[in-house]
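So the structure is just underneath, and the comments pick up after that.
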Amino acid sequence: MSTPLESRFVDAQGLRLHVRWRPGPDTAPAVLFLHGWLDHSHSFDGVLEHVPADWRVALLDFRGMGQSAHAPPEAHYQSGDHLLDIEAALDGLGLTRAHLVGHSLGGIVALTYAAVRPERVLSLSLIESLGPSGGPPEVAVERLRGFLNDSRRPPNRKRYPDLASAAGRLRENNPSLPEAAALHLARHGTEPYEGGVAFTFDSRHRRRFAQGYDEAQWLALQAALTCPVQLIRGQDGLWPDARKLDARVAALRTLVAPPLMIPGGHHVHLERPAEVARALRDFIR
């Protein structure tokens, strides 16, 4: 990183969350970056090298990921918990309002937060993110059954012999991820474990949620947005089928332009950080 960030810890109703923070002048944009599922705040390091040096930037580790605390043993992770994480980060840093930048899960949470707390969100940048795949209402029973079944499975923390092996596992799931980017994620997302390394995220995040949005609920959330919205896609990324994609894009009444397509996969911000940063610079004011 060209400019170091301060490590801060904020309280989310008793849970200790890690935020990396770069202060700046009050007149500069305040931007909160939100990472994807099982990732951590360092996934945006490459992007930060290309954004304006005077931006006030905050990078949150969601609960149970990165350096943030895990939920207690009797708890379960649910999608709404991450709304508390965003609010805790903003409150803990003294930010009344901020621009939100979210990748994948981070984008889903950012959009939801912007819908329910419009007074606190200045703009929304969604990177490879346009909602969950919750399915129709009739899958609710199956989802609840899966939630109960998963709760009986003991957490399974996998050991890797070294960082290179952990990085290789990341590339198995994301073949377009550059080797250097995978090593960067592994370096900041693992810790020593049983003579090797293990990822720091809580393995309970792999369990299924008890509740999820159906399509009508998600479109209602999108329709509630009042801030400007930017969509950034990876050319070979993960997006809904064409019919669902068209409906979701049409429901974004404050979308400033058609989705911006950048060569790359689901982690396009790690593959093309300068191009993603350029898009953010052009949008965030």
Side-chain angles (χ1 to χ4, degrees), residues 1-5 7 17-20 22 33-51 57-70 77 82 85 101-109 126-129 153-207 232-239 262-277 280:
M1 293 292 299
S2 56
T3 304
L5 279 76
S7 270
L17 303 182
H18 177 241
V19 185
R20 294 192 298 143
R22 185 180 73 190
F33 289 81
L34 304 167
H35 63 81
W37 183 60
L38 304 186
D39 285 343
H40 48 75
S41 66
H42 286 276
S43 66
F44 289 107
D45 284 355
V47 173
L48 290 191
E49 292 180 3
H50 303 280
V51 302
V57 296
L59 298 96
L60 171 66
D61 284 335
F62 283 126
R63 63 183 61 202
M65 298 183 235
Q67 295 184 47
S68 287
H70 294 190
Y77 294 101
H82 297 314
D85 297 349
V101 178
H103 167 248
S104 195
L105 168 68
I108 293 172
V109 181
L126 305 175
I127 303 171
E128 274 290 299
S129 182
R153 291 191 293 113
N156 179 26
R157 195 176 194 202
K158 186 173 181 180
R159 172 194 169 278
Y160 297 88
D162 49 38
L163 279 178
S165 300
R169 181 69 181 92
L170 294 176
R171 297 189 76 199
E172 286 180 21
N173 291 337
N174 300 280
S176 63
L177 192 63
E179 183 176 355
L183 280 169
H184 184 78
L185 286 178
R187 184 175 299 111
H188 292 283
T190 61
E191 61 187 3
Y193 181 67
E194 295 183 350
V197 299
F199 288 104
T200 57
F201 64 77
D202 190 338
S203 59
R204 290 178 295 167
H205 271 299
R206 295 187 179 278
R207 294 174 176 175
I232 299 174
R233 293 186 59 180
Q235 188 172 334
D236 301 309
L238 303 176
W239 280 70
I262 296 177
H266 186 56
H267 284 75
V268 65
H269 60 305
L270 282 157
E271 298 175 50
R272 303 282 184 135
E275 294 180 47
V276 170
L280 297 176

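This structure is a prediction, so every number in the text was calculated from the model and none was measured.
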### Message
Could you walk me through whether Arg22 and Val51 satisfy the side-chain contact (heavy atoms from CB on, under 4.5 Å) test, starting with their C-alpha distance in whole Å, then the side-chain angles of each, then the deciding distance to 0.1 Å, before giving a yes or no?
### Response
CA-CA 12 Å; Arg22 185 180 73 190; Val51 302; 4.2 Å; yes

Nearest 0.5 angstrom please: [X] [atom1] to [Y] [atom2], how far?
X: Ile127; Y: Phe33; atom1: CD1; atom2: CZ; answer: 7.5 Å
X: Gln235; Y: Ser176; atom1: CD; atom2: OG; answer: 11.0 Å
X: Asn173; Y: His266; atom1: CG; atom2: NE2; answer: 10.5 Å
X: His188; Y: Arg20; atom1: NE2; atom2: CZ; answer: 7.5 Å
X: Leu34; Y: Leu126; atom1: CG; atom2: CG; answer: 10.5 Å

Are any non-hydrogen side-chain atoms of [X] and [Y] less than 4.5 angstrom apart?
X: His267; Y: Ser43; result: no
X: Asp85; Y: Val109; result: no
X: Ile262; Y: Glu271; result: no
X: Ser203; Y: Lys158; result: no
X: His205; Y: Leu105; result: no
X: Asn174; Y: Leu270; result: no
X: His82; Y: Leu60; result: no
X: Phe44; Y: His103; result: yes

Without placing hydrogens or testing angles, list every side-chain donor-acceptor pair under 3.5 Å for residues 190-200, not counting sequence neighbours.
{"from": "Thr190", "atom 1": "OG1", "to": "Ala186", "atom 2": "O", "distance (Å)": "2.7"}
{"from": "Glu191", "atom 1": "OE2", "to": "Arg157", "atom 2": "NH1", "distance (Å)": "3.4"}
{"from": "Glu191", "atom 1": "OE2", "to": "Arg157", "atom 2": "NH2", "distance (Å)": "2.6"}
{"from": "Thr200", "atom 1": "OG1", "to": "Gly66", "atom 2": "O", "distance (Å)": "3.2"}
{"from": "Thr200", "atom 1": "OG1", "to": "Gly189", "atom 2": "O", "distance (Å)": "3.4"}

Could you tell me which non-hydrogen atom of [X] sits nearest to which non-hydrogen atom of [Y], and how far apart they are?
X: Leu183; Y: Ala164; value: CD2-CA, 4.1 Å
X: Gly36; Y: Ser104; value: CA-CB, 4.2 Å
X: Pro263; Y: Glu275; value: CD-OE1, 4.0 Å
X: Leu38; Y: Met65; value: N-SD, 3.3 Å
X: Gly102; Y: Ser129; value: O-CB, 4.5 Å

### Task
Tell me, please, which residues at least two apart from His40 pass side-chain hydrogen bond (donor to acceptor under 3.5 Å, both in side chains).
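Partners of His40 under the side-chain hydrogen bond (donor to acceptor under 3.5 Å, both in side chains) test: none.
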
#### Entry: All side-chain hydrogen bond (donor to acceptor under 3.5 Å, both in side chains) counterparts of Asp61, not counting sequence neighbours
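Asp61 satisfies side-chain hydrogen bond (donor to acceptor under 3.5 Å, both in side chains) with His18, Ser41 once adjacent residues are dropped.
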
### Message
What verdict does the side-chain contact (heavy atoms from CB on, under 4.5 Å) test give for Val47 and Val101, after you've listed the backbone C-alpha separation in whole Å, the side-chain angles of each residue and the deciding distance to 0.1 Å?
### Response
CA-CA 11 Å; Val47 173; Val101 178; over 6 Å; no

Can a donor-acceptor pair be found, under 3.5 Å and without considering hydrogens, that links the side chain of [X] to the backbone of [Y]?
X: Glu128; Y: Val268; answer: no
X: Arg171; Y: Leu177; answer: yes
X: Arg207; Y: Arg153; answer: yes

### Task
Give a yes or no on whether the ring-centroid distance for His35 and His42 is below 6.0 angstrom.
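Centroid distance His35-His42: not below 6.0 Å, so no.
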
#### Entry: Test side-chain contact (heavy atoms from CB on, under 4.5 Å) applied to Trp37 and Arg206, step by step
CA-CA 9 Å; Trp37 183 60; Arg206 295 187 179 278; 4.1 Å; yes

